[in-house]
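Within every chain, numbering begins at 1; the chains are lettered A, B, ... in the order of the sequence lines, protein sequences first and strands thereafter.
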Protein chains: 2
Amino acid sequence: MQPDFRCDCPFTSALDVLGDKWMLVIIKQMLVEGKETFKDFTESSEAIATNILSSKLKMLEALGMVIKTKRPDNKKTNLYLLTPKGLALTPLLVELALWSDAHLRAIHPGMVNGADMDFLRRDKQAFARALEDKYREKLAAIPHLP
Amino acid sequence: MQPDFRCDCPFTSALDVLGDKWMLVIIKQMLVEGKETFKDFTESSEAIATNILSSKLKMLEALGMVIKTKRPDNKKTNLYLLTPKGLALTPLLVELALWSDAHLRAIHPGMVNGADMDFLRRDKQAFARALEDKYREKLAAIPHLP
DNA sequence: TGATATTGCTTTCAATATGCAAGCAATATT
DNA sequence: AATATTGCTTGCATATTGAAAGCAATATCA
């Protein structure tokens with residue numbers, strides 16, 4: 001289940017894991033949009049197919065970026081949560097959004113542009129910290145994790 | 001030739017452009033390894049196929065991230081060079097490498113780990129600036145660009 | 001306590017992206 | 001003039017992604 005790495009370059013190795021259409025989108029949905037169940041992901045605006053979602057979640061789990069667990073009062077609904085290894089992608093996601101903001105609006109004018117983007121442009125480190133802190137608080141509110 | 005965007009999210013929109021196996025690898029080869037000709041790219045350690053390389057270079061050009069030009073003394077060899085829009089991906093690449101360094105070594109022990117990585121770990125902003133400055137100097141040494 | 005709805009998938013098959021190898025025209029080198 | 005190099009393109013094979021249906025387990029409702 002490990003990816004096979006093309007070479008020994010750290011840049012390329014990250015892309016061997018993350019360089020596809022979905023891995024970082026799923027991470028973003030967890031971190032930014034608070035998605036945590038299989039259903040949550042299928043309902044997001046990116047409209048991922050369930051078979052792809054299933055396989056990517058398995059990869060993320062195998063890589064230790066996500067853990068799969070449940071709430072004690074519900075035996076059906078699985079929770080997918082970011083581990084520190086997944087949460088550590090926050091600065092990368094922030095750079096993605098900054099680049100989009102600066103260089104993609106010309107060809108994608110409808111891209112969202114609200115108060116969050118202002119905050120991001122004003123102080124990207126604070127923005128990243130806010131995202132991480134919010135996620136950690138969320139985790140703290142689920143006090144039965146492995 | 002524009003990508004079609006899945007939705008209006010800035011994170012996802014960046015991945016609509018960059019989220020595949022090769023786009024960022026090619027940018028990295030230009031920025032970090034100084035590759036500039038078609039031949040250069042085919043000889044890199046990632047071993048991209050020539051048809052894929054051709055199509056990705058066309059995309060990068062269409063998106064305005066790369067320009068295709070020649071030296072005045074050589075009518076055959078094309079030069080592919082980063083535009084500001086491509087060069088603006090430096091901080092993103094830096095975050096990719098940092099994440100690899102911190103979280104991928106466990107499953108990819110052979111990943112390179114020399115003086116450059118030390119510099120990167122010590123001061124990522126300085127590292128990014130150094131890369132950008134070096135690339136701009138290189139461009140300045142090709143004084144016949146469009 | 002059934003009956004129905006929801007969740008979390010898997011399976012099948014179609015479409016698209018990636019990969020390999022060969023080949024070829026234009027230019028550069030000898 | 002002959003050969004090598006560069007920058008590709010063109011098939012064709014394989015892998016990844018996608019759409020749709022289906023299904024078992026649990027949860028919710030009457």
Side-chain angles (χ1 to χ4, degrees), chain A residues 1-7 12 15-27 29-30 34-63 66-81 142, chain B residues 1-7 12 15-27 29-30 34-63 66-81 142:
Chain A
M1 191 42 127
Q2 308 290 25
D4 44 319
F5 291 101
R6 280 171 279 192
C7 60
T12 303
L15 294 166
D16 288 329
V17 172
L18 305 170
D20 75 355
K21 197 167 168 179
W22 290 111
M23 294 286 275
L24 286 169
V25 168
I26 292 170
I27 303 278
Q29 288 175 355
M30 297 194 213
K35 312 271 185 197
E36 49 188 24
T37 70
F38 196 92
K39 184 100 189 309
D40 287 342
F41 296 115
T42 63
E43 284 171 345
S44 66
S45 61
E46 284 91 355
I48 188 170
T50 56
N51 55 344
I52 311 292
L53 175 59
S54 179
S55 86
K56 295 299 176 185
L57 285 173
K58 277 174 187 151
M59 278 186 213
L60 288 167
E61 211 190 338
L63 287 161
V66 161
I67 49 158
K68 182 180 180 177
T69 182
K70 287 179 201 293
R71 290 183 204 277
D73 60 338
N74 188 319
K75 289 179 205 157
K76 187 162 71 165
T77 303
N78 293 318
L79 292 184
Y80 296 92
L81 300 170
I142 310 175
Chain B
M1 190 43 130
Q2 307 292 26
D4 43 318
F5 292 102
R6 281 171 279 192
C7 59
T12 302
L15 294 166
D16 288 330
V17 171
L18 304 170
D20 76 353
K21 199 167 166 178
W22 289 111
M23 294 287 274
L24 286 169
V25 168
I26 293 170
I27 303 277
Q29 288 175 355
M30 296 194 214
K35 311 272 186 197
E36 49 187 25
T37 69
F38 195 93
K39 183 99 189 307
D40 286 341
F41 296 116
T42 63
E43 285 171 343
S44 67
S45 61
E46 284 91 354
I48 188 171
T50 56
N51 54 342
I52 311 293
L53 176 59
S54 180
S55 86
K56 296 300 176 183
L57 286 173
K58 276 173 187 152
M59 278 185 212
L60 288 167
E61 212 190 337
L63 287 161
V66 161
I67 47 157
K68 182 179 178 178
T69 183
K70 289 178 200 292
R71 290 183 203 278
D73 60 339
N74 187 321
K75 289 179 204 160
K76 186 163 71 168
T77 303
N78 293 318
L79 291 184
Y80 295 93
L81 300 169
I142 310 176

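- Atom CD of Glu61(B) and atom C1' of dC8(D) are 14 Å apart (whole Å).
- Among the protein residues, Thr42(B) comes within range of no part of the nucleic acid, since none of its heavy atoms lies under 4.0 Å from any strand.
- Counting heavy atoms from C-beta on, the side chains of Leu81(B) and Val66(B) never come closer than 4.5 Å.
- Atom C1' of nucleotide dT6(D) and atom CD of Glu36(B) are separated by 14 Å, given to the nearest angstrom.
- When side chains are defined from C-beta on, Ile26(A) does not count as touching Lys35(A), because their heavy atoms never get closer than 4.5 Å.
- Along DNA chain D, the nucleotide nearest to Lys56(A) and the one nearest to Asp73(A) differ in position, and the one closer to the 5' end is contacted by Lys56(A).
- Not a single donor-acceptor pair under 3.5 Å links the side chain of Asn51(A) to the backbone N or O of Ser54(A).
- For Trp22(A) and dT16(D), the shortest distance from a side-chain N or O to OP1 or OP2 is not below 4.0 Å.
- If you take CG of Leu79(B) and P of dC8(D), they are 11 Å apart, rounded to a whole angstrom.
- Picking from dG19(C), dA27(D), dC8(D) the nucleotide with the shortest atom distance to the side chain of Lys76(A) gives dA27(D).
- The ring pair (Phe, Tyr, Trp, His ring centres under 6.0 Å) search around Phe38(A) returns none, not counting sequence neighbours.
- Here dA4(D) presents its P atom at 14 Å from NZ of Lys39(B), a figure rounded to the nearest Å.
- Atom pair Ile52(B):CD1 and dA17(C):P shows a separation of 10 Å (rounding to whole Å applied).
- In this entry the distance linking CG of Asn78(B) with C1' of dC8(D) reads 9 Å, nearest Å.
- In terms of phosphate contacts, Lys68(A) brings a side-chain nitrogen or oxygen within less than 4.0 Å of OP1 or OP2 of dC9(C).
- Among dT17(D), dT6(D), dG19(C), the nucleotide with an atom closest to any side-chain atom of Lys21(A) is dT17(D).
- Judged by distance alone, with hydrogens and angles left aside, the side-chain atoms of Thr77(B) form no donor-acceptor pair with the main-chain N or O of Asn74(B) at under 3.5 Å.
- For Tyr80(A), the listed nucleotide lying nearest its side chain is dC9(C); candidates were dC9(C), dG18(D), dG19(C).
- As a whole-Å value, the separation of Leu15(A) CG from dT18(C) C1' is 16 Å.
- As rounded to whole Å, 11 Å separates atom P of dC20(C) from atom CD1 of Ile48(B).
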Between the protein and nucleotides 9-11 of chain D, which nitrogen or oxygen pairs come in under 3.5 angstrom?
unit_1: dT9(D); atom_1: OP1; unit_2: Lys58(B); atom_2: NZ; d: 2.7
unit_1: dT9(D); atom_1: OP2; unit_2: Ser54(B); atom_2: OG; d: 2.5
unit_1: dT9(D); atom_1: OP2; unit_2: Lys58(B); atom_2: NZ; d: 3.3
unit_1: dT9(D); atom_1: O4; unit_2: Thr50(B); atom_2: OG1; d: 2.9
unit_1: dG11(D); atom_1: O6; unit_2: Asn51(B); atom_2: ND2; d: 3.4

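- Note on Lys21(A) versus Asp16(B): no salt bridge recorded, every NZ/NE/NH1/NH2 to OD/OE distance being 4.0 Å or above.
- Residue whose closest nucleotide on DNA chain D sits further toward the 5' end, between Asp20(A) and Asn74(A): Asp20(A).
- Donor-acceptor pairing under 3.5 Å is recorded for the side chains of Asp40(B) and Thr37(B).
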